[in-house]
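Contents: one structure, followed by commentary.
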Amino acid sequence: MAGPGDRYVVGVDFGTLSGRALVVRVEDGAELGTAVHEYRHGVIESTLPDGTPLPPDWALQDPEDYRDVLRHAVPAAVAAAGIDPARVIGIATDFTACTVLPALADGTPLCEVPELRSRPHAWVKLWKHHAAQPHADRINALAHERREPWLHRYGGKISAEWQFAKGLQILDEDPEIYGRAARFVEAADWIVWQLCGVETRNICTAGYKGIRQDGHYPSRDFLAALDPGFADFVAKLDGPLLPLGARAGVLTAEAAAWTGLPEGIAVAAGNVDAHVTAAAARALAPGHLVAIMGTSTCHVVNGTELAEVPGMCGVVEGGLSPGAWGYEAGQSGVGDIFGWFVDHAAPAGVDSHERLAELAAAQPVGAHGLVALDWWNGNRSLLVNHDLSGLILGLTLATRPADVYRALLESTAYGTRMIIEAFVEAGVPIQELVVAGGLTANPLLMQIYSDVTNRPLSLIGSAQGPALGSAIHAAVAAGAYADVHAASAAMGRVDRDAYRPDPERARAYDALYAEYRSLHDHFGRGGNDVMSRLRAIRNAAVERPVAQIDTPLEVVA
Ligand SMILES: Nc1ncnc2c1ncn2[C@@H]1O[C@H](COP(=O)(O)OP(=O)(O)O)[C@@H](O)[C@H]1O
Ligand SMILES: O=C(CO)[C@H](O)[C@H](O)COP(=O)(O)O
């Protein structure tokens, strides 16, 4: 219940398909009201809103959809909470990342410049835009050749999802758009710019999604060697860099009118949906790995020492919270893979998560005879290759939909186990596994993760982890707490050891995991590059107009 002397903060989580606002009491983190606003354009994958076609592997968004979240979800959350908006003292946001846009010097997205609306490269590139893989390959090859010192901070490879690959793709494919982009800005920072009218950059996206290490981006020399036109790319990225929980500015009159919140309240520095969740799960102490499981999974953990973990997304000082080395790894497809099966493969009658999970839960481990590789959306960690694709091995005439569904759930658990083992082997201790995100609602999935990793699983005590994490950062930015650690202790929630591994199932999974590992290495580490070849064949086929496909008409006749 809201009390008359209470103070509140608002956290806004910008996800892949929607934005959610949450009103939280500063003193104890109580969640008082929430609202979701679906993006009108969702993920723009096959054509721009005006019908301009997009090539394969593209994923764009419309920045106006983000402003609409401020206009709709924030006032609705405040109304649901039944509080007096005048008692809100701060707002903070978190975003998917690397979700990045080219903009004019004043922050206007290039896709909002009328003559540029039909140019695909003028739009926001969503984190899962995977068409920059050739550009990531070029960056990685040159960085290895030149032994660039920052490469090991990214597990030895920069991802096609990150800023430099996406920026280089723009330069390569639409140099005019590249030239018009005075700023190349993470949506995480752009939304803060919209709220407070001041352009800032946050240490988290600059480190993990840009390549900013030890105070520097890659050298001009390196960028010029990639492409002379790319030499000054960093000038588009640089800006006042803020630690997490810092105050970026105050709410402008315009943003106050959008949100219904008081003009002049604190606006926190930008942050990432995954990273901000660690504070909500009270998991900022070293060794508490948080897996934020939804469309994709991000794994974040603080460490006291700097270690190089092959295949991780990155390690950034202060990237998760000030005063520690924050590590990130991830799986690009998790809930999306289960969703694909339900929507496109499961027959009517068993085409719901609930029904498939119920049938799959009745099976002993291994009874389906299947093992799958969870690469439906490429592989972020440990292989960092978005040309990889999915595989299901062991199908027979006896295989039923629930068997495949279970194998897909398990495949993502094996992927997480690979990541945990990579951290531990590289000297980053993992003491606790905490799960957050929408997939915590699937008990079968949670038990499988506990059994496959042979670890107890703690669950975040909130269904709105990222939004609560943002609210915690808003409280710090507003000066209610000395730092993020203190705010997390007072406002975060975790249910410790909610799932425990069963020793027999864990043993059975060890055998299946060994099979997963060997398939993983075979298809992902050069044993057989068939997945890359299939991707190239597909790309050539879809890029060719149908009329040019060589149909052997005489044979058909
Ligand atoms: N009961 C379920 N079991 C497994 N996957 C699910 C279930 N319900 C939804 N999903 C999948 O989870 C994803 C949504 O997760 P969520 O955490 O809500 O979203 P986001 O990652 O965008 O924040 C979708 O990909 C959907 O297909
Ligand atoms: O890369 C990430 C964070 O670093 C996330 O995977 C990305 O932001 C998408 O998150 P979600 O699956 O929750 O929509």
Side-chain angles (χ1 to χ4, degrees), residues 13-20 36 38-39 42-43 59 61 94-100 125-130 154 159-163 186-188 202 204-210 270-278 290-300 312-314 316 319-320 326-346 351-358 360-361 376-378 380-381 384 386 402 405-406 408-410 412-413 435-449 460 462-467 469:
D13 165 39
F14 290 85
T16 299
L17 295 171
S18 62
R20 306 148 206 232
V36 176
E38 302 285 329
Y39 303 146
V43 181
Q61 290 199 311
D94 62 83
F95 236 102
T96 63
C98 165
T99 296
V100 67
K125 286 190 169 55
L126 183 63
W127 63 274
K128 65 176 173 176
H129 173 93
H130 285 154
Y154 299 93
S159 166
E161 291 181 1
W162 301 165
Q163 288 171 11
E186 282 282 337
N202 73 85
C204 177
T205 48
Y208 293 105
K209 315 299 173 181
N271 210 326
V272 177
D273 53 2
H275 302 65
V276 81
T277 303
V290 186
I292 301 92
M293 297 181 55
T295 312
S296 63
T297 293
C298 269
H299 309 77
V300 293
M312 70 174 165
C313 300
V316 174
L320 203 47
Y327 292 84
E328 179 187 355
Q331 292 167 271
S332 300
V334 178
D336 258 0
I337 304 179
F338 316 146
W340 166 83
F341 187 72
V342 169
D343 294 344
H344 301 293
D351 52 351
S352 77
H353 291 287
E354 293 68 26
R355 182 65 186 137
L356 286 162
E358 185 189 337
W376 266 245
N377 199 15
R380 193 187 287 170
S381 300
V384 204
H386 291 286
Y405 186 74
R406 184 173 177 122
L408 295 178
L409 302 186
E410 290 167 345
T412 67
V435 182
L439 296 187
T440 51
N442 183 329
L444 171 64
L445 182 68
M446 293 300 102
Q447 189 59 55
I448 287 173
Y449 270 62
I460 189 170
S462 168
Q464 310 283 350

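As a basis for the values below, the full set of heavy atoms in this structure was taken, side chains included, without hydrogen atoms, waters or symmetry mates. Atoms within each ligand, like the ligands themselves, are counted from 1 in listed order.
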- [ ] Considering only non-hydrogen protein atoms, determine which one is nearest to atom 4 (O) of ligand 2 and report residue, atom name and distance to 0.1 Å.
- [x] K209 NZ, 2.6 Å
[X] heavy atoms, cut-off 4.0 Å: which ligand 2 atoms fall inside?
X: V272; result: 3 (C), 4 (O)
X: C298; result: 1 (O), 2 (C), 3 (C), 4 (O), 5 (C), 6 (O)
X: H275; result: 4 (O)

Check whether [X] reaches the backbone of [Y] with its side chain - one donor and one acceptor, N or O, closer than 3.5 Å.
X: Y39; Y: T16; value: no
X: E186; Y: T99; value: yes
X: Y327; Y: V300; value: no
X: Q331; Y: N377; value: no
X: R380; Y: G330; value: no

Open item on the list: Below a 4.0 angstrom heavy-atom separation, can you tell me which part of T295, side chain or backbone, both or neither, approaches ligand 2?
Closed with: both
- [ ] For ligand 2, indicate whether the residue R380 contacts it via side chain, backbone, both or neither (heavy-atom separation under 4.0 Å).
- [x]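 Near ligand 2, R380 shows its side chain, while the N, CA, C and O stay back.
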So, regarding [X] and ligand 2 (criterion: nitrogen or oxygen to nitrogen or oxygen, under 3.5 Å), is there a contact or not?
X: A97; answer: yes
X: E161; answer: no
X: E328; answer: yes

- [ ] Could you tell me how the ring of H275 sits relative to the ring of Y208: parallel (under 30°), tilted (30 to 60°) or perpendicular (over 60°)?
- [x] tilted
- [ ] Could you tell me how the ring of H353 sits relative to the ring of Y405: parallel (under 30°), tilted (30 to 60°) or perpendicular (over 60°)?
- [x]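 Because their plane-to-plane angle lies in the 30° to 60° range, the rings of H353 and Y405 count as tilted.
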TODO: Any chance you could measure T96, atom OG1, to L17, atom CG, to the nearest 0.5 Å?
DONE: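 Rounded to the nearest 0.5 Å, the OG1-CG separation comes out at 10.0 Å.
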Task: Which atom of R406 lies closest to which atom of A360, heavy atoms considered - done: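 Heavy-atom minimum between the residues: NH1-O, 2.9 Å.
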Task: Option set T297, D273, T16, criterion heavy-atom distance to atom 14 (O) of ligand 2, minimum - done: T16
Task: Option whose closest heavy atom lies nearest to atom 6 (O) of ligand 2, chosen from G15, S296, G294 - done: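 Closest candidate by heavy-atom distance is S296.
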- [ ] Check each of K209, K128, K125, H130 against E161 using the side-chain hydrogen bond (donor to acceptor under 3.5 Å, both in side chains) test, and report the only one that passes.
- [x] H130
Using a cut-off of under 3.5 Å, which N/O atoms of ligand 1 pair up with protein N/O atoms, and what distance separates each pair?
unit_1, atom_1, unit_2, atom_2, d
ligand 1, 3 (N), N442, ND2, 3.0
ligand 1, 17 (O), G438, N, 3.0
ligand 1, 21 (O), T295, N, 2.7
ligand 1, 21 (O), T295, OG1, 2.8
ligand 1, 22 (O), T295, OG1, 3.0
ligand 1, 25 (O), G335, O, 3.0
ligand 1, 25 (O), D336, N, 3.1
ligand 1, 25 (O), D336, OD1, 3.4
ligand 1, 27 (O), G335, O, 3.1

Task: Side chains of Y449 and T412, donor plus acceptor under 3.5 Å - done: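 Yes, T412 and Y449 have a side-chain donor paired with an acceptor closer than 3.5 Å.
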